[in-house]
Amino acid sequence: MAYDAFFERVLFAGAAVVIVAGALSAWTSINVTRKLAGVFVAMLGGLIALAVLGAPAWIITAGGAVALAQMIMGGAIAVRLHEGYGSSETSEADKAEAEAERAQ
Amino acid sequence: MIGAYLDLARTHAPLLAITAPLIGAALAALIPQPRLAWLVAVLAAATTAVIAVDLALRAIAGGLPPGLLVLVGVHLDGAGMFLAALLSLCATIAILGAGAVLGEVDRRVAPLSSALALLALGGWNGALMTDNLAALVIAAELGWLASIGLLASSSARGALNGAVRMLAAGGVGAALALCGLGLVMRSFGSLTLADLGAAHVEASAAAAVGAGLVLAGVVLKAGAAPFHGWIGAAFGRAGGAALLVLGAVSATGALAVAIRLIAYLVPAPAIGEGLSTALAAMGCVSVVIGSLQAVGARNLPRLAAYTVVAQAGCILLSAALGSPAGFAAALVQTTSLAASALALFGGAVAAGVQNIDHLDGVSRRAPLASAAITAGALSLMGAPLTLGFLGRWRLVEASVGADWWWAAGAVIFASLSGVFYGGRLIERLYFRRATHQFEGGGGLWRVVLAPALIVSILATAWGLAPSLLLNAANAAAAMMAVGA
């Protein structure tokens, strides 16, 4: 029993580390693909945490559906962003928008 | 015959308030003609608004009506009904106004834009009426993702940059909320909202962390600092239709869900005090950062977005008090935020203005848009007799009553900042000559923006005779613990 509780805590701690790693990548990366990957990793960590804590299957399934929707939407936005700016980096997009505002 | 159908609709009002926009979204998405899809969207939003307002008025006036069918999974409380009614009204006006700039959106994508606006409304309404914390988080994600899709569907390429930032921020928020859900479920033993306040908590630290993570996931979507990094990019370059819906529906919806969630979590004895302190600190930070960024903004939609950050801070401060007076103040301020968002974003769209420098002399070319922007600015200043003043006054009263004198100081800071950036807008509109070509106006469909501008002006002036709003807010706050 004590071993189970310890194992559960280790798994939860691992899930928390995964969430933090994903969050850092999503917030600090300038590359859109890395941002999306960070979001995916963070969501994966969230789902692992739910599973470790014994959440009902419907919540984990719904969370998975949200993650899938985020990836599909993110992929579509990333493709359009690359078409619009010729780059997948948000810093390039920021620069282009700042120049457009100055021109106005 | 019609009366029988109306009675049936009233009996099923809670279900219809959630499903009507979702059904409307499906219909709008299937229609290939943009204008027809937009009309269907307006009708669906208006139907939702009538249902939600009728339900709220009946419940707030005399308690939940007998015979009202409340299904499993739905929980009606004062905040949820008040805010669902407000949100549905805002969505109707915003979607109607979006028809004026429908031509800016790609023809192939325009029906999808109308559908996404309704999907956002359905998601936020679902989060305001569900009885389960997990369903609240999932419904809020639906509203959030629909808003991102709407922003990305704008023809302006700058909107894509904002959409990426929204997706990244919201995705991390969702992950934190999922983790928090697990901790809340383990600590409280239940995810039913009505049980959280009275549940016996074994591990208060885990419960506090879990509740905090879920709240963080929702508050991030509301744009409260320091999680508001996405808001400038999202609003700064959004297309007209996306700007109206993001401002009037998504920002208001996220804050509404946050208020409802706080109303259930703060009374929980094991975690309430800690949560209250954290929310109050976040509220203060949001007021200061949002106000300072609004002062420095040169882009009108971005300025309006930063005012949303500042107002979100005031609303969080009100809700953090945890008292009926605090919640009533939060509800009044949310109404004020919705009115000022419609005024500023609607005015920017109507006048065709992005850069603040281009506001010079616009009052002569676009008097109604200028009047709306002025009304929004006065409300943000907290000018007496405006709705903004009323909301802030209520917050000051509630915070002084709880010996939170520093909260009153934050409100004064927000108002003083509002004088600076609001006054700058009014000065440019009325006291300068035009220096840039006017880009607003043109097209018969521009007239559908008028309701958004007129309603925002009238709502701001509601401060002149606020008894109905104040009574409704007080009754809704008192009903917080009462439900089906």
Side-chain angles (χ1 to χ4, degrees), chain A residues 12 15-16 18-20 22-29 32 35-36 38-56 58-60 62-63 65-67 69-74 76-85 88 90 92-94 96-97 100-101 104, chain B residues 132-135 137-142 144-146 148-149 151-153 156-187 191 206 209-210 213 217 227 229-230 233 236-237 298-299 302 354-355 357-358 436:
Chain A
F12 182 77
V18 170
I19 292 174
V20 169
L24 282 173
S25 176
W27 273 341
T28 61
S29 293
V32 173
K35 272 188 180 305
L36 293 176
V39 169
F40 178 73
V41 166
M43 285 296 287
L44 197 61
L47 292 171
I48 293 171
L50 274 178
V52 165
L53 290 166
W58 75 266
I59 298 179
I60 298 173
V66 168
Q70 286 170 342
M71 289 305 107
I72 292 171
M73 185 167 289
I77 293 172
V79 167
R80 279 199 63 203
L81 194 83
H82 190 85
E83 284 172 1
Y85 291 99
S88 294
T90 53
E92 294 293 324
D94 289 341
E97 291 310 312
E101 270 184 38
Q104 275 185 350
Chain B
N132 185 286
L133 187 60
V137 168
I138 301 296
E141 282 304 314
L142 174 65
W144 181 250
L145 286 172
I148 295 173
L151 177 62
S153 67
R157 69 172 187 174
L160 295 170
N161 198 5
V164 164
R165 287 190 155 85
M166 273 182 84
L167 190 65
V172 170
L176 294 175
L178 288 180
C179 183
L181 274 178
L183 288 170
V184 167
M185 186 193 64
R186 187 60 81 88
S187 312
L191 285 176
V209 169
L213 288 175
F227 305 121
W230 57 271
R237 283 282 169 184
R298 298 194 59 80
N299 174 293
R302 207 171 284 143
Q354 285 274 320
N355 198 311
D357 293 339
H358 296 188
H436 291 84

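Please read these numbers as outputs of a predicted model, since none were measured by experiment. Below, chain A is the first sequence line, B the second, and so on; all start at residue 1.
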- Query: Quick one: of B:Gly170, B:Ala152, B:Ala177, who has the most non-hydrogen atom pairs under 4.5 Å with chain A?
  - Reply: B:Ala152
- Task: Look at B:Ile138, B:Leu183, B:Leu181, B:Leu160 and state which one has the largest set of heavy-atom pairs under 4.5 Å with chain A.
- Result: B:Leu160
- Query: Can you tell me if CZ on A:Phe40 sees more than 12 non-hydrogen neighbours from other groups inside 6.0 Å?
  - Reply: no
Does any non-hydrogen side-chain atom of [Y] lie less than 4.5 Å from one of [X]?
X        : Y        : answer
A:Ser25  : A:Val41  : no
B:Leu178 : A:Val66  : no
B:Met166 : B:Trp144 : yes
A:Ile59  : B:Val137 : no

Under 4.5 Å from a heavy atom of chain A, the part of [X] involved:
X        : result
B:Arg298 : neither
B:Leu213 : neither
B:Ala169 : both
B:Asp357 : neither
B:Leu142 : neither

Go through the atoms of [X] and report whether side chain, backbone, both or neither lie under 4.5 Å from a heavy atom of chain B.
X       : result
A:Phe12 : side chain
A:Leu81 : both
A:Leu44 : neither
A:Ala42 : both
A:Val20 : neither

- Which distance, rounded to the nearest 0.5 Å, do you find between the CG of B:Leu176 and the CE of A:Met43?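 So the gap between those two atoms works out to 10.5 Å.
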- Query: Who pairs with B:Ser187 by side-chain hydrogen bond (donor to acceptor under 3.5 Å, both in side chains), at least two apart in sequence or on another chain?
  - Reply: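 Once residues adjacent in sequence are excluded, B:Ser187 has no partner under the side-chain hydrogen bond (donor to acceptor under 3.5 Å, both in side chains) criterion.
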- Contacts of A:Arg80 that satisfy side-chain hydrogen bond (donor to acceptor under 3.5 Å, both in side chains) - sequence neighbours left out: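 For A:Arg80, no residue satisfies side-chain hydrogen bond (donor to acceptor under 3.5 Å, both in side chains) once neighbours in sequence are set aside.
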